[in-house]
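Contents: one structure, followed by commentary.
Just so you know, ligand 1 is whichever comes first in the structure, and atom 1 is the first atom listed for that ligand.
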Amino acid sequence: MARIQAIRGMHDILMHDTPRWQFLEQSITAVLKQYAYQEIRIPIVEKTALFKRSIGDNTDVVSKEMYSFDDRSETSLTLRPEGTAGCVRAGIEHGLLHNKIQRLWYIGPMFRRERPQKGRHRQFHQIGVEAFGCPGPDIDAEHILMCARFWKILNLDAIRLEINSLGNSEARAKYRKILVDYFSSHSDQLDDDSRVRLTQNPLRILDSKNPEMQPLVNASPTLDQYLDSESVDHFARLKTVLDSAGIKYKVNPRLVRGLDYYGRTVFEWISDQLGTQGTVCAGGRYDGLVEHHGASSTPAIGFAIGLERLLALADFKGLPDNQSPHVYLLMAGESAARRGILLAEQLRDQLPTLRILSNCGGGSLKRQFKKADQSGAQLALILGEDELTKNQVAIKFLRSDAAQITIKWTEISNFLSAHLSI
Ligand code: ATP
Ligand code: MG
């Protein structure tokens, strides 16, 4: 029978990799706590209609990347391709947004049926951050400064920041017309994707990843000259804060998000070390989204970090790579095995950072020593019949020639503290 394998683009994260993930997650969540953001946990599956309404039918994500299926009552459900939609839904459903400021974050897997390649998977992971209720550029700056702090604590200095302002909806409408004229007059140079976008979502052409499209995109008209004065002022105030905080950035007038309720500030953090999949973090203002879901108008901004891409960049020098147990407990015979379980529990009470692996399944001491050696443990604690009657254990140094010793149970925790770096 053919073996069943994991789905293309959906990866197992194995034991040798999980410490890096944990380190990354802990580093980032520690910073989120510094800014007093609160975690929200939202379902992985939502109604398809939520994403259609939030992200928009004319986007790549909704038109070709979603994993959607009918559940038994025939409602279409979708594995979430991103977290903002669910976060907004939950915020409205629980009355978290009305006349309140909320600063939230979430972490978890997202699903998009894209062509798998380096830095692009079908199940990938994001940490998302959203802030509701703040209209001014101060919160935009807070998000960007927070990202800068993530990179700082992860020792990443080669991530650059690009920012832009998308203005208000009138500004974008004017710009859209200009763009359609421009790209229509060069329609012979458009690839298939861009032709579709030209009629459905012309701003998205600027987001094309096709290198052959770049000269045309790079020569396209930009939005800045159509910006409304309030957006110009908002953007200027954001830049002032970034300048005074010493955050370097480049204004990229072609940086867009092809969704209608994204306006004003958008930003991306990009690494040049990741090839075409260089955007590690993307975000922006979506002041129109909450109202678009039928709730009262609420300013909002958020960003999401692609954790696989960040993982490929992060420096894990500070991370101890040894996850082996410190101690392997060998037990000879039934009664030693019964007592050994309790002894190990007692040591876990006394030494919370000790990693102790108890032998399972009995076996001769010779076999148990072999397993102890393979486990990578520093020390073997041996509980034989003789030690059991005397309330003692024998200790063998597995990684040196030091002679075996015997100590009392009451002395074990002091001994281990003195001999191990725990
Ligand atoms: P891209 O332009 O790379 O397709 P996007 O604009 O679709 O990204 P967003 O929806 O803004 O991405 O998601 C935020 C971040 O999540 C991205 O910057 C990236 O780091 C990560 N990301 C998005 N899609 C994937 C994917 N398929 N695999 C891995 N990471 C992803
Ligand atoms: Mg994408």
Can you tell me which residue and heavy atom of the protein come closest to [atom], and the distance to 0.1 Å?
| atom | value |
| --- | --- |
| atom 30 (N) of ligand 1 | Phe124 CD1, 3.4 Å |
| atom 27 (N) of ligand 1 | Glu114 OE2, 2.6 Å |
| atom 18 (O) of ligand 1 | Thr279 O, 3.2 Å |
| atom 21 (C) of ligand 1 | Gly306 CA, 3.6 Å |
| atom 11 (O) of ligand 1 | Arg257 NH2, 2.8 Å |
| atom 2 (O) of ligand 1 | Lys209 NZ, 2.6 Å |

Nearest heavy-atom neighbours spanning [X] and [Y]:
| X | Y | result |
| --- | --- | --- |
| Ala90 | Leu96 | O-CD1, 4.3 Å |
| Arg172 | Gly263 | NH1-CA, 3.3 Å |
| Thr222 | Tyr175 | C-CE1, 3.4 Å |

Checklist entry - Would you say Asp287's side chain and Ala300's backbone share a donor-acceptor pair under 3.5 angstrom? => result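 Checked: pair present.
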Item to check | Note: Glu82-Arg80 ion pair, threshold 4.0 Å (strictly below) | outcome: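 No, Glu82 and Arg80 are not salt-bridged.
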Checklist entry - Any non-hydrogen protein atom below 4.0 Å of atom 8 (O) of ligand 1? => result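 Under the 4.0 Å cut-off, atom 8 (O) of ligand 1 has no protein heavy-atom neighbours at all.
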Checklist entry - Which atoms of ligand 1 sit under 4.0 Å from any heavy atom of Ala282? => result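 Result: 11 (O).
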Item to check | No-hydrogen, no-angle side-chain donor-acceptor test under 3.5 Å, Asn164 and Asn252 | outcome: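 There is no such pair between these side chains.
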Checklist entry - Does ligand 1 have a heavy atom under 4.0 Å from the side chain of Asp60, from its backbone, from both, or from neither? => result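 Within the 4.0 Å criterion, Asp60 makes no contact with ligand 1.
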Next on the checklist: Is the contact between Arg120 and ligand 1 made by the side chain, the backbone, both, or neither, using heavy atoms and a 4.0 Å cut-off?
Outcome noted: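 The answer is both.
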Checklist entry - Taking everything shown except Ile422 itself, do over 12 heavy atoms lie less than 6.0 Å from its CD1? => result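 Counting other residues, nucleotides and ligands, CD1 of Ile422 exceeds 12 neighbours.
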Checklist entry - If you measure from atom 10 (O) of ligand 1 to every heavy atom of Arg112, His121, Gln126, Glu82, which option wins on shortest distance? => result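 The residue whose heavy atom sits nearest atom 10 (O) of ligand 1 is Arg112.
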Checklist entry - Yes or no on salt bridge (charged side-chain N to carboxylate O under 4.0 Å, His left out) for Asp243 and Lys239, after CA distance, side-chain angles and deciding distance? => result CA-CA 6 Å; Asp243 290 336; Lys239 287 187 284 187; over 6 Å; no
Checklist entry - Taking the non-hydrogen atoms of Glu268, is any one of them nearer than 4.0 angstrom to ligand 1? => result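 Under 4.0 Å: no for Glu268.
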